[in-house]
Peer 1: 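Okay, handing you the structure first.
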Amino acid sequence: MDKVHIALGDNSYDILIGNNLPIAELMKEALPKTKDLLIVSNETIAPLYLEPLMASLTNQGFKVKSCILKDGECYKTVESYMQIMTALLEDGFGRDCCLVALGGGVVGDITGFAASSYQRGVAFVQIPTTLLAMVDSSVGGKTAINHPMGKNMIGAFYQPKIVIADLDFLKTLPEREIAAGMAEVIKYGVILDEEFFTYLEQAQGTAKLDLAYVVKRCCEWKAYVVSQDEKEKGMRALLNYGHTFGHAIEVGMGFGVYLHGEAVAVGMVVAAYVAAKTNKGLSLEQYNRIKNILPYYNLPYAIPKELTGADFISHMRHDKKVKLGKINYVLPESIGKSAVFNDCSDQDISNLIDELKNTQD
Ligand code: NAD
Ligand code: GLY
């Protein structure tokens, strides 16, 4: 088992990574005084993993209840949040309880937000079951639900007590979801770690990857970045590489058409093209490496035909990352080095997107 520590003073915690992990025992060690647990999961994951987990936690002396949400990004809502609140209140959970998120990023984000606000804050644990959640969303304490007017618009920074990433969960994860998780993996290579990018490039697909190493490397980077900048005042913004353009694709195409990771993959290519064309240091050859790695991992790189440059601008103007009227873009300066820029005009970005789209037709 690998362990990555995330140093945040009183809110520090470990990320445990491995196969066939003794989850209940690890939770007992991490939460020696806790008795009451509410496991939050969804209708897809619960039939696969809930029962054995509840049994082993009960064997460790925990009193365990569950709350099963509907599956999907479209259920990352205030209604699902209220479902958790109702379950907690109906069973008389007190401030000493702990919520357990058993699922991907959707379950993790809702559960974390519920934990941050139930009785002004109770403990929570992340047990990520998707690759994306293992390498990104379960670590770092961003929690949220969506509002009909925007993704992740209601939330809090709130850290879990422990993250337990058991790679065996990935055995039942559909290929398309593995690919979506790989977009976030590739992201770390582009923004922070050329050696890691080259490793992913040379493997040419998940079959040749050491997944335990991949998850650990990503968690090490995420732990490093979050330890420096928990509340995204500076460096943490780099983790949004590909996301500003990606969110525009998710919204523009309608939620669910592109998975989050698929939209981020296209967004990374757009951001790299903008970087190469606006003299941020990235060469066209490096741009091509970023574009060409994606098909190895079954990820798209082409801008959807339905969206114009102007559509992107109109969606990005509603993003959380707009500050003082300027859209902030995370752009790579080379592979392994990136920075935030706000010197690109809407018109220039719109033109570059249309230009890139024309080369892709
Ligand atoms: P997800 O949670 O929707 O899971 C993807 C699908 O896989 C779902 O249908 C789920 O039921 C299913 N699934 C999960 N684990 C499974 C397993 N082991 N076997 C079979 N099926 C399984 O999607 P995701 O990609 O994990 O997360 C996306 C969400 O994460 C988005 O809402 C995004 O905003 C959020 N996110 C948050 C952060 C953060 O820092 N908090 C970072 C990145 C993304
Ligand atoms: N997924 C981006 C972040 O955690 O900051």
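Below, all heavy atoms of this structure are taken into account, side chains as well, without hydrogens, waters or symmetry copies. Order of appearance sets the numbers: ligands from 1, and atoms from 1 within every ligand.
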Peer 1: In terms of residue, atom name and distance, what is the protein heavy atom nearest to atom 32 (O) of ligand 1?
Peer 2: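 Among all protein heavy atoms, the one nearest atom 32 (O) of ligand 1 is E73 OE1, 2.6 Å.
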Peer 1: Can you confirm whether the side chains of E355 and N351 place a donor and an acceptor under 3.5 Å from each other?
Peer 2: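 E355 vs N351: no donor-acceptor pair found between side chains.
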Peer 1: Among all protein heavy atoms in this structure, tell me which lies nearest to atom 9 (O) of ligand 1, with the distance rounded to 0.1 Å.
Peer 2: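 I find the closest protein heavy atom is D71 OD2, 2.8 Å.
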Peer 1: Judged by modelled atom types alone, do E175 and N298 share a side-chain donor-acceptor pair under 3.5 Å?
Peer 2: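 Judged by distance alone, the side chains do not pair up.
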Peer 1: For ligand 1, which part of I45 has a heavy atom less than 4.0 Å away: the side chain, the backbone, both, or neither?
Peer 2: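 For I45, the contact with ligand 1 is made by the side chain alone.
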Peer 1: Hey, is ligand 1 close enough to T130 that some N/O pair sits below 3.5 Å?
Peer 2: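 Yes: some nitrogen or oxygen of T130 is under 3.5 Å from one in ligand 1.
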Peer 1: Can you tell me which residue and heavy atom of the protein come closest to atom 34 (O) of ligand 1, and the distance to 0.1 Å?
Peer 2: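 In this structure, atom 34 (O) of ligand 1 has K151 NZ, 2.9 Å as its nearest protein heavy atom.
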Peer 1: Give the intermediate values and the outcome of salt bridge (Lys or Arg N to Asp or Glu O under 4.0 Å) for residues R217 and D193.
Peer 2: CA-CA 10 Å; R217 194 84 198 108; D193 190 344; 3.1 Å; yes
Peer 1: Which heavy atom of the protein is the closest neighbour of atom 3 (O) of ligand 1, given with residue, atom name and distance?
Peer 2: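 Checking every protein heavy atom, the shortest distance to atom 3 (O) of ligand 1 gives V106 CG2, 3.4 Å.
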Peer 1: Ignoring hydrogens, what is the shortest heavy-atom contact between V330 and A237? Give both atom names and the distance.
Peer 2: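 Heavy-atom minimum between the residues: CG2-O, 3.3 Å.
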Peer 1: If the cut-off is 4.0 Å to any non-hydrogen atom of G104, which atoms of ligand 1 fall inside it?
Peer 2: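 Ligand 1 atoms under the 4.0 Å threshold to G104: 2 (O), 26 (O).
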Peer 1: Students should be able to answer this: which protein heavy-atom is nearest to atom 44 (C) of ligand 1, and at what distance?
Peer 2: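 Of the protein heavy atoms, L132 CD2, 3.6 Å lies nearest.
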Peer 1: When only distance counts, is K187 in polar contact with ligand 2, meaning an N/O pair under 3.5 Å?
Peer 2: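 K187 vs ligand 2: no N/O contact under 3.5 Å.
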Peer 1: If we ignore angles and hydrogens, is there a donor and acceptor under 3.5 Å between the side chains of D311 and T308?
Peer 2: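 Note: D311 and T308 side chains meet the donor-acceptor criterion.
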Peer 1: Within a distance under 4.0 Å of any heavy atom of Y49, pick out the atoms of ligand 1 and give their elements.
Peer 2: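 Answer for ligand 1: 18 (N).
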Peer 1: Any non-hydrogen atom of K222 lying under 4.0 Å from ligand 1?
Peer 2: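 It does, in that a heavy atom of K222 comes within the 4.0 Å cut-off of ligand 1.
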Peer 1: Can you pull out the closest protein heavy atom to atom 20 (C) of ligand 1? Residue, atom name and distance to 0.1 Å, please.
Peer 2: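 Atom 20 (C) of ligand 1 sits closest to the protein heavy atom T172 O, 3.1 Å.
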Peer 1: N/O to N/O below 3.5 Å, does that happen between V139 and ligand 1?
Peer 2: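 Between V139 and ligand 1, no N or O pair is found under 3.5 Å apart.
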Peer 1: With salt bridge (Lys or Arg N to Asp or Glu O under 4.0 Å) as the criterion, how do E73 and K151 come out once you've worked through the C-alpha distance, each side chain's angles and the decisive distance to 0.1 Å?
Peer 2: CA-CA 9 Å; E73 180 73 32; K151 191 171 152 72; 3.1 Å; yes
Peer 1: What protein heavy atom sits nearest atom 15 (N) of ligand 1, and how far away is it?
Peer 2: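 For this ligand atom, the closest protein heavy atom is T129 OG1, 2.7 Å.
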Peer 1: Find all atoms of ligand 1 within a distance of less than 4.0 Å from any non-hydrogen atom belonging to N42, and give their numbers and elements.
Peer 2: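 So the atoms of ligand 1 that pass are 10 (C), 11 (O).
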Peer 1: Are Y118 and F93 near enough that their ring centres are under 6.0 Å apart?
Peer 2: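 No.
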Peer 1: For ligand 1, which part of E177 has a heavy atom less than 4.0 Å away: the side chain, the backbone, both, or neither?
Peer 2: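 Looking at E177 and ligand 1, just side chain atoms fall under 4.0 Å.
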Peer 1: Checking contacts here: is it the side chain or the backbone of V226 that comes within 4.0 Å of ligand 2, counting heavy atoms only? Could be both or neither.
Peer 2: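 Neither part.
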Peer 1: Which of the numbered atoms in ligand 1 are below 4.0 angstrom from a heavy atom of K76?
Peer 2: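 Those of ligand 1 that fall under 4.0 Å from K76 are 31 (C), 32 (O), 33 (C), 34 (O), 35 (C).
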Peer 1: Please say whether more than 12 non-hydrogen atoms of neighbouring residues, nucleotides or ligands are located less than 6.0 Å from NZ in K337.
Peer 2: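 No - once you tally the heavy atoms of other residues, nucleotides and ligands closer than 6.0 Å, there are 12 at most.
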Peer 1: So for atom OH, which belongs to Y301, do other residues, nucleotides or ligands contribute more than 12 heavy atoms lying within a distance under 6.0 Å?
Peer 2: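 No, the 6.0 Å shell around OH holds no more than 12 heavy atoms from other groups.
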Peer 1: Where's the contact between K222 and ligand 2, heavy-atom distance under 4.0 Å: side chain, backbone, both or neither?
Peer 2: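 Only the side chain of K222 comes within reach of ligand 2.
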Peer 1: Just distances here: any N/O of N240 and N/O of ligand 2 closer than 3.5 Å?
Peer 2: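 Between N240 and ligand 2 (N or O atoms, distance only) the closest approach is not under 3.5 Å.
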Peer 1: Using the rule side-chain hydrogen bond (donor to acceptor under 3.5 Å, both in side chains), only one of T172, D166, D168 pairs with Y49; which is it?
Peer 2: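 So the option named by the test is T172.
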Peer 1: How far is atom 16 (C) of ligand 1 from its nearest protein heavy atom, and which residue and atom is that?
Peer 2: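 For atom 16 (C) of ligand 1, the nearest protein heavy atom comes out as L173 CD1, 3.5 Å.
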Peer 1: Considering only the protein, which heavy-atom contact is closest to atom 1 (N) of ligand 2, and what is its distance?
Peer 2: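 Ranking protein heavy atoms by distance from atom 1 (N) of ligand 2, first comes D136 OD1, 3.0 Å.
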Peer 1: For atom 35 (C) of ligand 1, which of the options V226, V107, D109 provides the nearest non-hydrogen atom?
Peer 2: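 Heavy atom nearest to atom 35 (C) of ligand 1 belongs to D109.
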Peer 1: Counting only heavy atoms, which portion of N152 has something under 4.0 Å from ligand 1: side chain, backbone, both, or neither?
Peer 2: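 Just the side chain.
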Peer 1: Could you tell me which atoms of ligand 1, counted from 1 in the order shown, lie closer than 4.0 angstrom to a heavy atom of D136?
Peer 2: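 Those atoms are 42 (C), 43 (C).
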Peer 1: Please find the pair of heavy atoms, one from G181 and one from V135, that lie closest to each other, and give the distance.
Peer 2: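 That closest heavy-atom pairing would be O-CG2, 4.2 Å.
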Peer 1: Ring centres of F113 and Y81 under 6.0 Å apart?
Peer 2: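 Yes, close enough.
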Peer 1: Measure the spacing between NZ of K70 and OH of Y75 and express it to the nearest 0.5 Å.
Peer 2: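 With rounding to 0.5 Å, NZ (K70) is 5.5 Å from OH (Y75).
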Peer 1: Nearest heavy atom to atom 23 (O) of ligand 1: which of C74, G140, A144, G105 does it belong to?
Peer 2: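 That would be G105.
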Peer 1: May I ask you to check whether N292 and E201 show a side-chain donor-acceptor distance below 3.5 Å?
Peer 2: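 Side chains of N292 and E201: no pair found under 3.5 Å.
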Peer 1: Strictly under 6.0 Å, is that where the ring centroids of F245 and Y329 end up?
Peer 2: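 That pair passes the under 6.0 Å test.
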